[in-house]
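Read the structure below first, then the notes.
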2 protein chains.
Amino acid sequence: MSRLRAALDPKSVAIIGASENPNKVGGRPVHYLQKFGFKGKIYPINPTRTVIQGEKCYPSLQDLPEAPEMVIVAVAGDNAIAAVEACAAFGVKIAVVMASGFGEVDAIEGKAKERRMVEVAHKAGMRIVGPNSQGLANFGTGAIASFSTMFMEFDRVEGHVAMLSQSGALSTVPVGFLNPRGIGVRHSHATGNDADITVGELAIAVAEDTQVKLMLLYLESIPEKKYLEELAAVALDRDLPIIALKSGRSEAGRQAAQSHTGALANEDRVVDAFFEHHGIWRAPDMRGLVEATELYLKGWKPKGRRLVAISNSGAVCVMTADAATTVGMPMAKLADATDKKLKGILPSFATTTNPIDLTAALLSNSNLFGDILPVIAEDPAADAFVIGVPVAGPGYDVPAFARDSAAFAAQTGKPLVVAATQPSVAREFQAQGVSVFPTEVEAVTALNQFVAHRELMARTIERRATRGKSDPLIPTDGATTMLNEADSLALLAARGIPVVPYRLCHSRAEAIAAFEAIGGPVVVKGCSADIAHKSELGLVKLKINSREDAGDVYAEMEDIIRKHGSRFDGVIVAAMAGGRREIMIGAHRDPVFGPVVAVGDGGKYVEVFKDTTLLLPPFSKDDAKEALGKLRIAPLFEGVRGEPPMDLDALSDAVVKIGELMRDASAKVMSIDLNPVMLDSQGKGCVVVDAVVFQGA
Amino acid sequence: MSRLRAALDPKSVAIIGASENPNKVGGRPVHYLQKFGFKGKIYPINPTRTVIQGEKCYPSLQDLPEAPEMVIVAVAGDNAIAAVEACAAFGVKIAVVMASGFGEVDAIEGKAKERRMVEVAHKAGMRIVGPNSQGLANFGTGAIASFSTMFMEFDRVEGHVAMLSQSGALSTVPVGFLNPRGIGVRHSHATGNDADITVGELAIAVAEDTQVKLMLLYLESIPEKKYLEELAAVALDRDLPIIALKSGRSEAGRQAAQSHTGALANEDRVVDAFFEHHGIWRAPDMRGLVEATELYLKGWKPKGRRLVAISNSGAVCVMTADAATTVGMPMAKLADATDKKLKGILPSFATTTNPIDLTAALLSNSNLFGDILPVIAEDPAADAFVIGVPVAGPGYDVPAFARDSAAFAAQTGKPLVVAATQPSVAREFQAQGVSVFPTEVEAVTALNQFVAHRELMARTIERRATRGKSDPLIPTDGATTMLNEADSLALLAARGIPVVPYRLCHSRAEAIAAFEAIGGPVVVKGCSADIAHKSELGLVKLKINSREDAGDVYAEMEDIIRKHGSRFDGVIVAAMAGGRREIMIGAHRDPVFGPVVAVGDGGKYVEVFKDTTLLLPPFSKDDAKEALGKLRIAPLFEGVRGEPPMDLDALSDAVVKIGELMRDASAKVMSIDLNPVMLDSQGKGCVVVDAVVFQGA
């Protein structure tokens with residue numbers, strides 16, 4: 001734990017504004033440091049007391065026998081600023097500033113105050129957590145510099161989960177969720193306004209704690225990507241799964257986030273793409289963040305996603321199959337030999353195909369369960385298991401079911417979860433270390449998340465090499481200029497992206513010559529860097545069939561552009577592109593995440609159907625193909641109703657080249673909008689028909 | 001409770017196969033009848049005993065002092081059949097048959113045995129529940145004719161919820177869910193194979209129990225619609241909400257259902273449409289069935305769906321807004337006056353716009369909560385409330401929050417729910433009668449379900465009048481015949497459905513005359529009742545521009561059809577239809593639900609994009625418009641990118657007419673496939689271009 005060691009494992013902690021009352025902001029950390037066994041020095045500071053919660057109390061920082069490594073600033077407003085300055089001057093390493101009322105309230109003056117504090121700190125080599133931080137809590141070292149109410153509930157928290165959050169409540173709610181399930185949280189940190197140390201930077205330090213087996217993040221805004229990128233890389237290197245809950249998924253959510261943090265809103269689909277690119281699982285909500293935690297801690301290495309369901313209720317069998325379909329886990333097709341063996345064990349009215357229905361016969365024969373598990377364990381088609389026990393109790397040997405299940409999981413090393421509604425049944429399985437969920441839906445959802453996340457991590461590790469290294473962010477401020485269409489097409493063509501054959505003509509004669517060279521019918525388009533929407537001005541004419549018409553349209557368009565008072569850059573004569581489907585490829589620079597490439601169904605209704613998917617460069621051709629496979633129009637690529645497949649290879653290649661173009665800082669491309677790109681049958685490629693490129697200064 | 005009175009409130013219950021052991025199938029009912037205070041006579045029957053569980057035991061049915069109203073048949077296999085016959089002969093009213101191994105195992109012989117039992121029963125005026133039934137349980141009367149294990153866990157169950165299920169486990173799992181929340185279940189019935197009394201028929205009787213305030217159904221197959229239709233009508237008449245969980249949503253689920261019940265699989269989208277048509281809420285899973293139960297029992301009459309969220313955590317504010325967007329509840333825009341008043345109460349760093357963030361300031365001032373609620377209560381924009389308390393405990397006056405919330409809900413009569421993770425916090429709110437969910441997602445999801453279900457019920461009641469009465473099912477067996485296209489179009493035209501102008505020609509001269517009458521360009525299509533796929537045989541030619549061409553194509557097509565060995569019904573010359581979007585309208589007869597009309601995006605990729613929605617006749621034009629509004633292409637109807645709106649009115653009218661045609665038994669239409677129907681701009685109508693109609697005998 002080299003980085004930010006003093007934030008996570010300080011040798012001494014002082015509390016400015018310490019209180020005798022453990023329910024006050026300044027009283028809680030003293031209480032927690034004692035309660036959770038902090039081994040370093042505790043220095044309460046409060047000029048009105050000599051002893052606080054049994055610890056010797058000092059009137060001021062300067063009165064301490066040494067410079068404490070960490071100081072908790074538990075005083076409010078301007079007093080907090082003064083305290084931070086005193087800490088910097090005194091040689092403190094980390095100041096945890098709990099006071100609120102800074103950048104989260106006032107984006108101008110509040111942020112300015114934050115910057116001044118950080119400046120003073122950095123000059124002295126001090127780092128700041130906060131302000132508006134609920135504090136840090138490392139249960140591994142007992143360094144609980146937090147005023148969270150949640151830890152009042154627990155005597156022991158330590159485990160293998162790390163939870164990091166900008167929000168105070170969300171740094172501890174998962175602790176509250178997991179504790180009753182017997183799952184300990186080793187780290188629970190709330191970084192607040194992230195004026196200096198961000199949640200991402202702290203997370204990298206936490207990821208270096210080898211006792212951490214699963215990292216959970218709650219993020220309300222992502223103001224920069226570099227720490228999260230580094231975190232993802234560190235985590236993948238040591239096989240540490242990260243689950244992130246990034247709120248503000250909706251417009252209403254983003255508005256709420258802005259009004260209570262003043263933070264920049266991220267574009268949500270880009271956030272999705274960023275996490276996926278880096279192998280981080282994005283949880284949709286609080287449940288998704290914590291629900292599968294146990295499964296991550298089992299050390300399972302799933303080999304596939306084919307599910308086997310076993311229950312004493314046929315209804316639960318059916319609902320488990322429904323739930324599996326919903327999340328995308330296929331039901332395993334068991335071997336005939338397995339079926340035969342099961343038929344030898346189960347009564348005739350049981351179902352031996354997967355899902356396996358033991359029926360109410362389990363009530364009269366509790367051995368059924370233990371008898372069939374070894375048979376199924378031998379079947380290579382079975383990757384993961386859900387055992388549904390919706391009702392049991394007197395008459396059933398539930399402890400035996402639990403023992404048999406635990407033995408089975410241990411024997412096969414395959415993921416196994418139980419769905420049991422009754423607390424009395426759940427407890428028996430939990431006592432054997434088996435993960436239990438209240439219904440098959442939660443069980444299957446958690447199982448799928450675990451398996452899918454593991455698949456995502458494996459894929460990310462595999463693709464890292466082919467993708468190349470991530471680029472630093474190119475600043476995006478400054479003016480942008482629209483290229484005219486001819487320049488846009490030329491820029492793309494120069495990068496090897498196929499564009500429609502065209503000529504930019506500067507006279508009627510050139511237009512006629514172009515018609516003859518390209519061969520009719522052609523498209524004629526007016527070209528001006530001032531005009532974005534050509535069609536509306538009558539500057540696009542399709543199916544021009546004769547040289548004379550080509551010449552006439554040239555003249556007409558020059559006239560329109562000049563009368564419009566716009567720059568006349570010429571007239572484009574282009575081939576009528578063939579192809580079977582209109583595709584769109586777009587790209588822009590996200591202020592936080594950098595280049596983003598979008599690809600999807602094109603045409604005039606792009607904004608209505610929104611059938612697009614995003615990729616973050618650098619990405620490989622395989623990444624592009626996978627992204628295209630997620631579109632609603634994906635079946636068309638394969639060929640439907642007897643049609644031949646389309647040229648996905650050429651399209652993927654073009655998408656990768658757009659990604660490379662966006663990465664090239666020297667090209668200064670700020671945004672690209674290609675619509676349509678005509679996609680043809682396999683072997684016939686794709687071709688950009690219409691292009692709008694904006695360049696930066 | 002006039003119907004099936006003896007099933008729900010028998011004066012006497014005999015148990016054939018009674019057992020001293022309360023954990024045996026034949027022992028449980030005796031135990032439960034005693035435990036849950038059944039006031040009638042209990043007659044254990046077992047030739048080997050004189051007393052069972054303290055009750056006098058009889059050697060045989062014939063030895064009883066009277067014919068019991070209900071007999072529980074707790075013996076297996078052929079003994080069960082013999083027992084049913086004995087019951088019928090002895091004057092029993094209801095036999096509850098628990099034995100399994102009938103139709104659910106063997107669709108031929110098993111079903112035949114069921115039919116024979118039912119026949120014997122009906123001849124004697126007896127009704128049968130089961131076989132393969134876990135039994136009936138009416139906690140209102142104490143008539144617990146069930147061997148469920150679940151009821152061993154509870155001393156008292158009675159409440160206002162009725163749960164009916166074909167599955168045994170699913171009849172009681174909801175009881176197990178609700179009991180710890182303090183919600184009682186009055187009825188919990190498992191009807192098994194539904195050989196005689198179906199879950200639907202029993203549900204109608206239960207719906208007449210005025211103590212029932214919410215009905216839950218679990219269905220694995222719906223073999224007939226009539227009882228469910230009657231149930232829905234009875235329930236709407238007395239304002240009783242019904243939530244149904246119909247499993248087998250997925251192909252894997254349907255396969256599982258078939259292998260363990262042998263039941264017919266329903267088409268899932270039709271099931272959706274059926275429930276919606278009748279105002280029944282379809283729960284996606286077990287959670288969805290029970291999760292919102294409390295809200296239904298509060299007696300709230302929601303006026304709208306605009307949500308107000310209040311929390312001491314900004315993160316929970318953001319996540320609540322996200323969750324609200326996910327389910328489709330808008331955040332209420334509070335009045336300026338409300339904001340002003342809130343600013344006067346809350347500290348400067350709190351957020352006074354909705355969602356309202358009290359911040360950690362609540363830790364130092366527990367009154368904040370009670371102070372702001374009355375202010376918000378006055379705002380007319382607020383329809384429903386979520387209060388999020390993710391963390392509280394020592395230092396917070398949680399009992400006061402709970403009292404204030406309860407008082408607020410009582411005062412406003414508006415739905416209010418709480419999201420609280422900590423059991424200690426949840427308990428305080430529950431003690432005040434406030435509904436608590438672990439996270440904001442569950443809270444908002446339940447609130448939305450309740451409000452949306454109430455809206456669905458109101459809409460169903462309102463539309464019942466304009467829809468007309470449901471039709472009895474027309475048997476769908478027997479051969480069907482495809483009409484040729486001309487006959488198909490003529491049939492539609494005769495019903496007032498706009499079809500493209502066309503003529504069926506029987507000579508070259510007629511084709512030429514048709515060309516001149518219709519005016520070119522025209523479409524020419526070969527017409528044969530033997531040929532479904534015309535295009536593949538070259539029997540569709542577009543854009544025929546001259547009289548000569550029309551004549552030539554006529555000859556060509558006659559030749560193709562005759563050479564193909566098919567009936568030659570003539571050649572259709574039709575106008576080239578205008579219009580802006582290809583729509584599809586289809587209809588078929590579902591074997592269970594009767595006529596089903598589908599409408600959606602048309603064209604050749606109908607099967608790929610699957611952007612269609614279903615309607616069950618009779619339906620109104622408003623129903624059709626609402627259905628069209630659910631399509632992904634719906635924005636196009638309004639007009640996008642400066643386009644004029646399309647003629648939704650004409651399209652809705654055509655859809656209603658297709659529904660009426662399907663209802664008309666004399667028309668004998670079995671299926672209709674209209675694709676494309678060209679939809680034009682408002683005022684310009686829509687027109688059927690291609691039609692395939694199948695008729696029954």
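This one's a predicted model, so the numbers in the text were calculated from it and none came from an experiment. Each chain gets a letter, A, B and so on, in the order the sequences are listed, and its residues count up from 1.
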Looking only at A/Ser250, A/Gly395, A/Ala169, A/Gly168, the option with the highest number of non-hydrogen pairs under 4.5 Å against chain B is A/Ser250
Residue B/Thr320 versus chain A: region with a heavy atom under 4.5 Å:
neither
Could you tell me whether the side chain of A/Tyr396 reaches within less than 4.5 Å of the side chain of B/Asn23, counting heavy atoms only?
no
Okay, A/Met331 and chain B: the region with an atom under 4.5 Å from a heavy atom over there is side chain
Using a cut-off of under 4.5 Å on heavy-atom pairs, state which of A/Gln166, A/Arg28, A/Lys24 scores highest against chain B.
A/Arg28
Taking every non-hydrogen pair under 4.5 Å, which of B/Met152, B/Arg287, B/Met286 racks up the most with chain A?
B/Arg287
Please classify the contact between A/Ser165 and chain B as side chain, backbone, both or neither, with a heavy-atom cut-off of under 4.5 Å.
neither
Checking heavy atoms, do the side chain of A/Phe609, its backbone, both or neither come under 4.5 Å from chain B?
side chain
Ranking B/Ala634, B/Gly253, B/Pro347 by heavy-atom pairs under 4.5 Å to chain A gives rank one to B/Gly253
With rounding to the nearest 0.5 Å, note down the distance linking OG1 in B/Thr439 to CD in A/Glu291.
9.5 Å
Verdict with reasoning, B/Tyr605 to A/Ile633, per side chain to side chain contact (heavy atoms under 4.5 Å, CB included):
CA-CA 10 Å; B/Tyr605 297 132; A/Ile633 58 166; over 6 Å; no
Options B/Pro635, B/Ser311, B/Gly248, B/Gly101, ranked by heavy-atom pairs under 4.5 Å with chain A, top entry
B/Gly248
Under a 4.5 Å cut-off applied to non-hydrogen side-chain atoms, are B/Met319 and A/Tyr218 in contact?
yes
Apply the side chain to side chain contact (heavy atoms under 4.5 Å, CB included) test between A/Thr421 and each candidate in B/Thr172, B/Val290, B/Val173; give the one that qualifies.
B/Val173
So which atom in B/Val391 and which in A/Met150 form the shortest heavy-atom distance, rounded to 0.1 Å?
CG1-N, 3.6 Å
Side chain, backbone, both or neither: which part of A/Glu153 has a heavy atom under 4.5 Å from chain B?
side chain
Checking side-chain polar atoms at under 3.5 Å, does A/Thr325 have a donor or acceptor matched by the opposite partner on B/Glu251?
no
So what's closer than 4.5 Å to chain A heavy atoms on B/Gln134: side chain, backbone, both or neither?
neither
Find the one option among A/Gly176, A/Pro394, A/Pro390, A/Ser247 whose heavy-atom pairs under 4.5 Å with chain B are most numerous.
A/Pro394
For A/Phe102, is it the side chain, the backbone, both, or neither that has a heavy atom closer than 4.5 Å to a heavy atom of chain B?
neither
At a heavy-atom separation under 4.5 Å, does B/Glu440 approach chain A through its side chain, its backbone, both, or neither?
side chain
Any salt bridge linking B/Glu607 with A/Arg641? Criterion: basic side-chain nitrogen under 4.0 Å from a carboxylate oxygen.
no
Are B/Asp322 and A/Arg254 side-chain neighbours, meaning at least one heavy-atom pair lies under 4.5 Å?
no
How about A/Ser313 and B/Leu170: do any of their side-chain heavy atoms sit closer than 4.5 Å?
yes
Contact origin within A/Leu245 toward chain B - heavy atom pairs under 4.5 Å:
side chain
State, with a plain yes or no, whether a side-chain heavy atom of B/Leu636 is found less than 4.5 Å away from one of A/Val608.
yes
What residue, out of B/Ala309, B/Ala392, B/Pro355, has the most heavy-atom pairs lying under 4.5 Å from chain A?
B/Ala392
For B/Glu643, is there an ion pair with A/Lys604 - N to carboxylate O distance below 4.0 angstrom?
yes
Please report the interatomic distance CD(A/Gln422) to OG1(B/Thr149), rounded to the nearest 0.5 Å.
8.0 Å
